[in-house]
Structures are given as C-alpha cells and as structure tokens.
Amino acid sequence: MKDQLKKIIDSTLASLISQQRLPEEISSIEVKLERTKDRGHGDFASNIAMVLAKPTKMNPRQIAGLIVDALPPHELIDKVEIAGPGFINFTLSATARQQVVAEVLKNAGQYGLNDYGKGHKVQVEFVSANPTGPLHVGHGRGAAYGSVVSSLLKAVGYDVHREYYVNDAGRQMDILATSVWLRYLEKCGEQFTFPSNGYRGEYVFDIAETLKNQHGDALLHPAAVVFEGVPTDEPQGGDKELHIDGLTNQAKKLLGAELYRQLFDLGLNAILDDIRNDLAEFGAEYDEWFSERSLVESGVVDEAIEQLKAANMLYQQDGAWWFKSTEFGDEKDRVVVRDNGQATYFASDVAYHLNKFQRGFDQIIDIWGADHHGYIPRVKAAMAGLQQDVSKLKVLLVQFAVLYRGKEKVGMSTRSGEFVTLRELRDEVGKDAARFFYVLRGADQHMDFDLELAKSQSNDNPVYYVQYAHARICSVFRQLAERQLSWDQQVGLQNLSLLSEEHEQALLTMLSRYPEVVELAAITHTPHLLAHFLMDLARDFHTYYNAHQFMIDDINVSQARLTLITAVRQVIANGLGLMGVSAPQSM
RNA sequence: GCGCCUGUAGCUCAGUUGGAUAGAGUAUCGGUUUCCGAAACCGAGGGUCACAGGUUCAAUUCCUGUCAGGCGCACCA
C-alpha cells in the first residue's frame, strides 16, 4: 500500500520536473511517506514539500499545491489535503482500506513476509556463552533477542545462518575441568580447601559424580600430592589465579594427556548438552555450533596469526606478539600470543571472524553482551588489517537486564554459583512470557527484570494480553459452532464495505501496517517494535470486542465482522510466531 | 581519567532514524456484564522530554558541554 502510494508521488514529481515546473536537481531527494499519528491527518503524510522548500526557494505550501494539482486521480486515494506547514495528507479510499483483509486471508501464514533481503546471506551469532556452567537469565535476553532478530531477517527474505560460538578451548575450560576433578577427589574422600577461583556451582558436583561412576578411582591422587608445589590461594595470602593455574597444571601432569582430555570433555559435553537443550526449549534454534577448539586444533588460529605477521600487523615486545590495533583506531595494541607461547582468546576470535568472512556472508551480525563492547574496535581492526570489508560486520550490543526480586537487587556471578538460571526462569514464568518480556524493550535499553513480576502469573505480563486476543477470537468461532451458525469467507469479503465503525477502520489500518512493522523491525534489528505492534493490535481488538458484537442478525455485517477478526487472528498468530511465542486457542 | 550505553508521567518503557497537540502499561481515583471469555473495556488526574547552548521551516530525536546512573578499560574469557 505504502509502496504504491510512493510510486504515484514519484511519478508526479518526475512529470513536474519534465515540465520544468520543478528544478532538475531535486530528483535525487527521496520522497518520505509516513503513517500519520492522527486519524484526522488521513492515512499517510509526506513532508516532501517542506524538504523541497529550501532547494527550490519556494514556499512549502505553494510546492504542496503544485504537487497536489498534478496528482492524477487514483482509485486508492480518496482525498489529498495540504495541512500545517506544508504536509500533504493522503486519505485512502474505502476499497483500498478493505483490500488488506483479503490479502491477509489469501497469504495466511505468509502475510507480512517479503523478499527485501533476497539473495543475501547473513550470519547471526548470539549467546555464545562459555560452556563453564548453565545459562543464566542474563543470557536469556541475548537468546530471545538473537532468535527474534534472526526470524525477522528470515521474514524479509534473508538467507539466515544462526550460530553459537562454543568457547571449548582456553583457560576457563581448564578451570572447569580442574574444578570437576577436585570435586571428584572430595567424593573419593580427599580433604583440602576448594580453590577460591574454582567453579563452585551445584552442577560441578553432578559432573564429578558422573566422573566417579564412569572411572571409579582411576583419577584419584592424594590431596597432598595434588597440592604439592602449587602457589598458595588468595585467602592464604597468595594469588588465586596462580593457584588455580597451578592446580590445572597438576591435573594435566598427574592424569596425563589422555585422561585429562576425558575429564575435560566430560565437563564440556555435560554442560554443552545442557545449554543446547535449554536453548532449544527456549525456542532459540541454531544452524551451527561452531567450536573454538576446532579452530585451534586444525591450525586455523596459527594461520590467522601468520597472516597478520605477513601483513606486517604484528610486532614482538616483552616476549609477546602484539597486534597493531591502534593503527585502526583501537585504544591500545593487543596481545595475540602471550610470552608463554599461548595464543589469547583474541587470537582465536580473529581466526573465527576471518573464517566468517571467508564463508562469504554478505552481512555478519554479532550479538554480544554490553560488557564486551570494548572488544569491538579490536575485532574490527583485525579484520581491517586482514583486508576484509569491515562494513559487513555489525556488532549489536544487548544491555544488561538488572535483576530484581521485588525491590531487592539480585547479584550474579557464575563463579560463585549464585544465580538464577534461564531454566529456572522458564520453569516459573514459561517460555512465552520470558521471551516476550525480554524482547519488549530495545536491546540498548538497560532493563529492569523483576522476577516477582515475571514469575507471578498476573495480567501485568503483556504476553497474556496479546495471547488472550487470539484465544478470544478462537472462542468466538467456538461459540459460532455451538449456536450452529456458520461463517462464509466469501460473503464476508463481499460485504467489507459495511465495516464502517471507527473500531473496524482502526483494525484495517493496523492489519495493513503489519508488513511495514516487520520490515522496519528486521532492518533496524529492533524486535520490540513488533512486540509493541502486537500489543496495539490486541488492544484495538479488545476495544472492538467490547464495543460491538459479531454474531448478529444482520447476516452481511456479521459475516464481514467475522471475516475481519479472522484476519486479526491471523496477523496476531503470525507476529507471535516471529517472536517464538505461541498463539493459544484457549487459555 | 578515557570509551560505550542510558536519562521522557509516581514506577516500567514507547516515540515510525528531524515532523503536526509527547504516548502506552502499571499504580491511584471513578464507571461498565440479563450481551460472542471481565486475563477485557470506558473515563479522570499525572510532564521544565536531566540541564545549558547550537544546527533549521521544524529538535524528545542531530552536534557540543555539564550533571546523574550502568558497563568496560589484562600477556582473562
């Protein structure tokens, strides 16, 4: 609808230019057409006359008059008016307004989709939490946001590849393996103080239990031997990092490479399986789980480092290899290989991103927690240094959700084991409410997540409001059957002109706005626009429901109304579907 | 100290990338059911859009500065 109107304006402008009534150079100016906020201003408004005022040195209202006079009569347009400082307001014809109903019903589940991004491959990486423990509610926001952004991009025609980057290499995983081993030793009867920097969560005990069941005493070493020569822990006046690293080295030495790997993999797989399962149940689907270790072990990380060296992007200092990221606007240069010869996390991230570029995506979207924002310049710098087109890489930051329990702020730390897991949240609030709640706010908005509110099955939760609208419409049709009445779509479509109530007009407008909302939400990566649209649509429906009846004696009006609400139900279902939220028949 | 994000109704947040009289939910107060689901609807009050400048036909929106909050500034991930 909007596109059709735009074309009409464009061609009118073109003809005015060819008649030399408007100067040539304005042809590059893009016509902007917006939905009006106020029904009194018609359906669409264009500010084109005001934009043209300056370059043409003419009065905006005068230009508007020129355009309006040149506008050919069109069946879609009922009325064109000049208003305010020079807005051109378009009011659609009744036929134009009604045609959306047939369109919705014809396209059904496809209504709202388009091929804006057709032929473009886009990769979306999200969550990518370290597999050192279960996902917590902080990850939930990234999961909900990432999966809805992916769905939206798919809806507007992109070829979307959803990916989870598994950090299954590196020091944190060693610490997890060490933690599991120590809990195992405890279960074998050894006594010692658990390291302050180890993972203390309940799940570590579970994995240790499995380890004991599978391997018996095979990994048992006396505590005295294990702790021999290990630097003291922080509470004893030492350094917690050196302490835990020392224990990891002991594990590797005492167990040997083979057994250590088995221990390591047991922890990794247990947690990764849990994360996979958790995300699947949360409705966050992935096309690929990309292993960091595979990059390391296949030599891709070393290759990337060599490429940087070859490009003269590295230099050696204090025994470490540094990347000249300051040359690309970063605050300081970054270490790629430590003085102990180990590659940093950054090194494998460079390799991973290089790999993404090499896979030929037109767009690469990274969705990160806001705490990683300092990372953006160095990753972009590395890609620039490796001659990649950095404009393809877009990093979207998801701000933190600050947890509250009523008025009480809830602290979170994976290490200490004190956190609310995503699974707990899902168990108590349900997938639908959790997803809707997360996506309700813009990603760059700091969000207050009140667990009490989300857990309470109260009506404060907006998802019920939208779902209820859907269920209510389903209920109307159940009533219809009960009363042994029928609905004939064709009769309804033929009588749409009888939908003259203001509430009905408002619903027609909402239905036709839906594709515009989906497209905008997709392109700007702002799924909350869709959530808000659905709440608005649900509100318009509830208002309509309370004001008018659908099963009435006037058959033609009745059929038209039933047809209208069928279209409303379809759009709600489509929108909720994109959000990964169910559209229940009853609730 | 530097960088990123944020500041809009008592509270939680929208505001169509610069448009017309700044909107919802919630809370408060008042109303609605012999009628398809009251998890709903209708109405009322509630604002110096943090503050000060600037850009222009037009600024909550863009720029600069100040103030306040969150996050980040490792040879950690």
Side-chain angles (χ1 to χ4, degrees), chain A residues 32 34-38 40-41 45 47 50-51 53-54 59-60 83-87 89 129-130 132 167 169-173 175 241 292 317-322 330-332 334-346 348-349 369-377 397 399-400 402 440-450 453 457-462 464-465 467-469 471-480 482-483 485 513 516-517 520-521 524 526 528-529 531-533 535-536 538-539 541-552 561-562 565 586-587:
Chain A
K32 253 187 78 179
E34 300 179 298
R35 288 277 177 180
T36 54
K37 283 185 214 164
D38 191 333
H41 296 139
N47 64 348
M50 289 179 288
V51 175
K54 191 135 202 195
N59 177 317
F87 287 103
N89 293 338
N130 281 350
T132 51
N167 290 110
R171 182 165 168 267
Q172 292 305 318
M173 287 306 296
I175 295 177
E241 308 292 350
E292 178 188 7
Q317 189 184 307
D318 303 329
W321 284 93
W322 297 71
D330 197 5
E331 289 172 357
K332 53 171 292 193
R334 308 291 173 175
V335 170
V336 175
V337 183
R338 285 186 260 168
D339 56 5
N340 65 7
Q342 264 205 310
T344 59
Y345 169 84
F346 176 53
S348 41
D349 233 16
D371 55 335
H372 284 67
H373 74 257
Y375 228 76
I376 300 172
L397 295 177
Q399 294 294 327
F400 280 177
V402 181
L440 198 54
R441 308 300 179 210
D444 54 7
Q445 188 67 235
H446 303 261
M447 181 174 114
D448 284 354
F449 197 125
D450 184 347
L453 188 71
Q457 301 265 358
S458 80
N459 339 336
D460 299 340
N461 213 321
Y464 295 129
Y465 187 77
Q467 288 181 319
Y468 180 47
R472 228 179 182 184
I473 296 169
C474 294
S475 173
V476 169
F477 284 90
R478 282 193 295 268
Q479 256 315 303
L480 193 74
E482 236 168 73
R483 297 187 192 181
L485 298 171
R513 272 187 55 203
E516 297 162 24
V517 171
L520 186 67
T524 58
T526 47
H528 73 276
L529 293 183
H532 283 271
F533 170 84
M535 290 195 296
D536 290 343
R539 179 171 32 252
F541 169 74
H542 286 309
T543 300
Y544 179 43
Y545 183 98
N546 277 50
H548 301 283
Q549 286 196 248
F550 311 132
M551 287 171 262
I552 53 176
R561 287 181 176 175
L562 290 168
I565 65 171
S586 66
M587 46 195 290

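Just so we're on the same page: letters track the sequence lines, and every chain starts at 1.
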Checklist entry - Tell me, which stems hold RNA chain B, with a stem being 3 or more Watson-Crick or G-U pairs in a row and both distances under 3.5 Å? => result B:1-7 with B:67-73, B:10-13 with B:23-26, B:28-32 with B:40-44, B:50-54 with B:62-66
Checklist entry - Do A:Tyr465 and A:Phe541 have ring centroids that are under 6.0 Å from one another? => result no
Item to check | Candidate nucleotides B:A24, B:A77, B:C5, ranked by approach to the side chain of A:Asn167 - the nearest | outcome: B:A77
Next on the checklist: Determine whether a donor-acceptor pair (N or O, by modelled atom type, separation under 3.5 Å) exists between the side chain of A:Asn340 and the backbone of A:Gln342.
Outcome noted: yes
Next on the checklist: Heavy atoms only, 4.0 Å cut-off, all strands: where does A:Lys37 land among base, sugar-phosphate and nothing?
Outcome noted: base
Checklist entry - Which residue, A:Met551 or A:Asp444, contacts RNA chain B at a nucleotide closer to its 5' end, judged by nearest heavy atom? => result A:Asp444
Checklist entry - Stacking check: are the rings of A:Phe550 and B:C36 less than 5.5 Å apart at their centres and under 30 degrees in tilt? => result yes
Checklist entry - Heavy atoms under 4.0 Å, any strand shown: does A:Ala83 hit a base, just sugar-phosphate, or nothing? => result base
Item to check | Geometric cation-pi criterion, A:Arg513 with A:Phe533: 6.0 Å, 45° | outcome: no
Checklist entry - Under the 3.5 Å rule, do the base of B:G69 and the side chain of A:His446 count as making a donor-acceptor pair? => result yes
Item to check | Candidate list A:His373, A:Arg441, A:His446, test side chain to side chain contact (heavy atoms under 4.5 Å, CB included), partner A:Gln399, passing option | outcome: A:His446
Checklist entry - To the side chain of A:Glu331, which of B:A40, B:C73, B:C75 is closest? => result B:C73
Item to check | Aromatic ring proximity A:Tyr545/A:Tyr468, centre distance under 6.0 Å | outcome: no
Next on the checklist: Taking any heavy-atom pair under 4.0 Å as a contact, classify A:Phe477: base, sugar-phosphate, or nothing.
Outcome noted: nothing
Checklist entry - Are the ring of A:His532 and the six-membered base ring of B:A14 within the stacking cut-offs of under 5.5 Å and under 30°? => result no
Checklist outcome for this item: Per atom distances to the A:Gln445 side chain, the nearest of B:G37, B:A14, B:U16 is B:A14
Checklist entry - Heavy atoms under 4.0 Å, any strand shown: does A:His372 hit a base, just sugar-phosphate, or nothing? => result base
Checklist entry - Which part of the nucleic acid does A:Gly369 contact within heavy-atom distance under 4.0 Å: base, sugar-phosphate only, or nothing? => result nothing
Checklist entry - Is a donor-acceptor pair below 3.5 Å formed from side chain A:His373 to base B:G3, judging by atom type as modelled? => result yes
Checklist entry - Under the 5.5 Å and 30° test, is A:Phe87 stacked on the base of B:A20? => result yes
Item to check | Touch class at under 4.0 angstrom, heavy-atom based, for A:Ala320 against every strand present | outcome: base
Next on the checklist: When you measure only distances, ignoring hydrogens and angles, does the side chain of A:Asn47 come within 3.5 Å of the base of B:G19 through a donor and an acceptor?
Outcome noted: yes
Checklist outcome for this item: Heavy-atom closest pair (A:Met173 atom, A:Thr132 atom, distance to 0.1 Å) is SD-CG2, 3.7 Å
Checklist entry - So what does A:Asn340 hit on the nucleic acid, given a heavy-atom distance under 4.0 Å: a base, only sugar-phosphate, or nothing? => result nothing
Next on the checklist: On RNA chain B, does the nearest nucleotide to A:Tyr375 precede the nearest nucleotide to A:Leu397 from the 5' side, or the other way round? Give the residue.
Outcome noted: A:Leu397
